[in-house]
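Report on the structure given below.
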Amino acid sequence: MWGKLKDQMGSVTDTVEILAYKALNRDIDNVFVAWAVEMLSAGYETENLVILAGESAPFNQFQMQALVDKVLLELHLDYTNTIQTIKNYACHLIDKSLNEEIRNFTVLKILKDICIELDYQKDLYNFYLLYFARSDLYYQESQWYWAGATRENIDQVITDYFIRWQSNEQKQTSS
């Protein structure tokens with residue numbers, strides 16, 4: 001699923017973030033408007049995408065939610081399977097971390113927050129644990145969240161987990 005979505009997004013990789021925000025029912029803000037502008041620049045054009053690109057704060061959430069729904073429908077982008085949408089977003093964030101575009105701790109913070117928001121979603125719970133393991137090791141010598149993680153190896157533990165998790169996700173969605 002992630003590979004297919006990645007191919008579909010083309011150069012506008014933040015599409016996966018927009019889908020995750022919609023799946024989580026987040027407020028529409030300037031991130032959505034910037035995404036719409038980027039989509040137009042990449043050659044995507046629909047009536048409602050043009051309208052979204054021209055919006056500015058303050059946003060009427062009722063109107064904006066409906067507008068973004070129309071845009072996603074016109075672009076054939078589905079966010080209705082919340083868990084799969086969030087897994088795709090996690091894969092996207094992990095890609096960015098592995099490519100050194102964002103820090104692994106930033107990825108853990110985002111996924112930890114989503115884990116909590118989704119009532120401690122089982123598929124995301126290890127990100128929650130790794131976040132607190134990394135956080136504890138920043139301030140002290142030991143942590144109790146992740147077996148074997150120390151100050152010396154925590155970054156490698158996180159990277160190894162990211163690679164393993166993403167590989168497992170790709171195997172599950174391709175079968």
Side-chain angles (χ1 to χ4, degrees), residues 1-39 42 68 72 77-174:
M1 184 75 167
W2 168 237
K4 181 181 173 188
L5 179 62
K6 197 173 174 181
D7 292 341
Q8 185 181 4
M9 291 184 313
S11 63
V12 188
T13 59
D14 289 339
T15 300
V16 72
E17 180 178 51
I18 294 300
L19 293 173
Y21 288 178
K22 275 300 289 176
L24 293 167
N25 200 28
R26 300 264 173 93
D27 283 349
I28 306 301
D29 59 13
N30 287 322
V31 170
F32 285 80
V33 175
W35 168 77
V37 170
E38 191 177 347
M39 290 291 284
V68 171
L72 296 177
L77 295 170
D78 183 24
Y79 63 91
T80 56
N81 182 337
T82 301
I83 300 305
Q84 188 58 55
T85 301
I86 298 306
K87 286 180 177 182
N88 291 340
Y89 183 44
C91 285
H92 169 69
L93 291 171
I94 289 169
D95 278 349
K96 288 181 112 173
S97 174
L98 295 175
N99 292 327
E100 299 181 359
E101 296 173 43
I102 57 176
R103 293 179 35 227
N104 63 14
F105 191 66
T106 303
V107 171
L108 290 176
K109 182 183 181 327
I110 293 167
L111 295 176
K112 178 258 311 173
D113 290 344
I114 292 172
C115 177
I116 293 168
E117 190 173 346
L118 293 176
D119 218 10
Y120 297 89
Q121 173 64 34
K122 183 181 87 163
D123 297 327
L124 302 175
Y125 193 68
N126 281 339
F127 296 115
Y128 171 94
L129 294 173
L130 280 168
Y131 172 85
F132 285 106
R134 178 70 183 93
S135 181
D136 280 4
L137 290 169
Y138 183 78
Y139 295 105
Q140 58 197 28
E141 289 292 323
S142 62
Q143 57 79 31
W144 304 103
Y145 294 96
W146 199 270
T150 65
R151 276 187 170 175
E152 292 74 30
N153 72 1
I154 187 64
D155 289 323
Q156 190 61 50
V157 167
I158 293 167
T159 298
D160 292 347
Y161 182 75
F162 281 1
I163 292 167
R164 201 168 51 251
W165 188 87
Q166 192 172 51
S167 175
N168 288 339
E169 281 307 308
Q170 290 170 346
K171 286 178 191 171
Q172 288 177 6
T173 56
S174 66

(message) Checking Q156 now: which residues fulfil side-chain contact (heavy atoms from CB on, under 4.5 Å) with it, not counting sequence neighbours?
(response)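 In terms of side-chain contact (heavy atoms from CB on, under 4.5 Å), with neighbours along the sequence ignored, Q156 is linked to T159, D160.
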Tell me the closest heavy-atom pair linking [X] and [Y], and the distance in Å.
{"X": "V107", "Y": "S97", "result": "CG2-CB, 3.8 Å"}
{"X": "I154", "Y": "A133", "result": "CD1-CB, 4.3 Å"}
{"X": "A42", "Y": "V12", "result": "CB-CG2, 3.5 Å"}
{"X": "Q140", "Y": "R151", "result": "O-NE, 3.1 Å"}

Is there a side-chain contact between [X] and [Y] (heavy atoms, below 4.5 Å)?
{"X": "L111", "Y": "L130", "result": "no"}
{"X": "L24", "Y": "I86", "result": "yes"}
{"X": "K112", "Y": "Y125", "result": "no"}
{"X": "E17", "Y": "W35", "result": "no"}
{"X": "M39", "Y": "T15", "result": "yes"}
{"X": "F127", "Y": "C115", "result": "no"}
{"X": "F105", "Y": "Y131", "result": "yes"}
{"X": "L77", "Y": "K22", "result": "no"}

(request) Go through the steps for S135 and Y145 under the test side chain to side chain contact (heavy atoms under 4.5 Å, CB included), then give the verdict. (result) CA-CA 10 Å; S135 181; Y145 294 96; over 6 Å; no
Looking at [Y], is its backbone amide N or carbonyl O close enough to the side chain of [X] to form a donor-acceptor pair, meaning the two atoms are under 3.5 Å apart?
{"X": "N99", "Y": "E101", "answer": "no"}
{"X": "R134", "Y": "I158", "answer": "no"}
{"X": "T106", "Y": "I102", "answer": "no"}
{"X": "Q121", "Y": "I114", "answer": "no"}

(message) Determine whether D95 and Q166 satisfy the following criterion, side chain to side chain contact (heavy atoms under 4.5 Å, CB included), listing intermediate values before the conclusion.
(response) CA-CA 9 Å; D95 278 349; Q166 192 172 51; 2.8 Å; yes
(request) Kindly determine whether Y21 and Y89 satisfy side chain to side chain contact (heavy atoms under 4.5 Å, CB included), including the steps that lead there. (result) CA-CA 10 Å; Y21 288 178; Y89 183 44; 4.0 Å; yes
Does a donor on one side chain and an acceptor on the other come within less than 3.5 Å for [X] and [Y]?
{"X": "T150", "Y": "N153", "answer": "yes"}
{"X": "Y161", "Y": "N126", "answer": "yes"}
{"X": "E169", "Y": "N88", "answer": "no"}

Working to the nearest 0.5 angstrom, can you tell me the gap between [X] [atom1] and [Y] [atom2]?
{"X": "L124", "Y": "L108", "atom1": "CG", "atom2": "CG", "value": "11.5 Å"}
{"X": "K87", "Y": "N168", "atom1": "NZ", "atom2": "CG", "value": "10.0 Å"}
{"X": "D136", "Y": "E141", "atom1": "CG", "atom2": "CD", "value": "12.0 Å"}
{"X": "D123", "Y": "L118", "atom1": "CG", "atom2": "CG", "value": "10.0 Å"}
{"X": "N104", "Y": "K109", "atom1": "CG", "atom2": "NZ", "value": "14.5 Å"}
{"X": "I18", "Y": "R26", "atom1": "CD1", "atom2": "CZ", "value": "11.0 Å"}

(request) Count the heavy atoms of every other residue, nucleotide or ligand shown that sit under 6.0 Å from CZ of R103, and state whether that count exceeds 12. (result) no
(request) Check the surroundings of atom CD in E100: do more than 12 heavy atoms from other residues, nucleotides or ligands lie under 6.0 Å from it? (result)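 No, CD of E100 has 12 or fewer neighbouring heavy atoms, counting only those of other groups under 6.0 Å.
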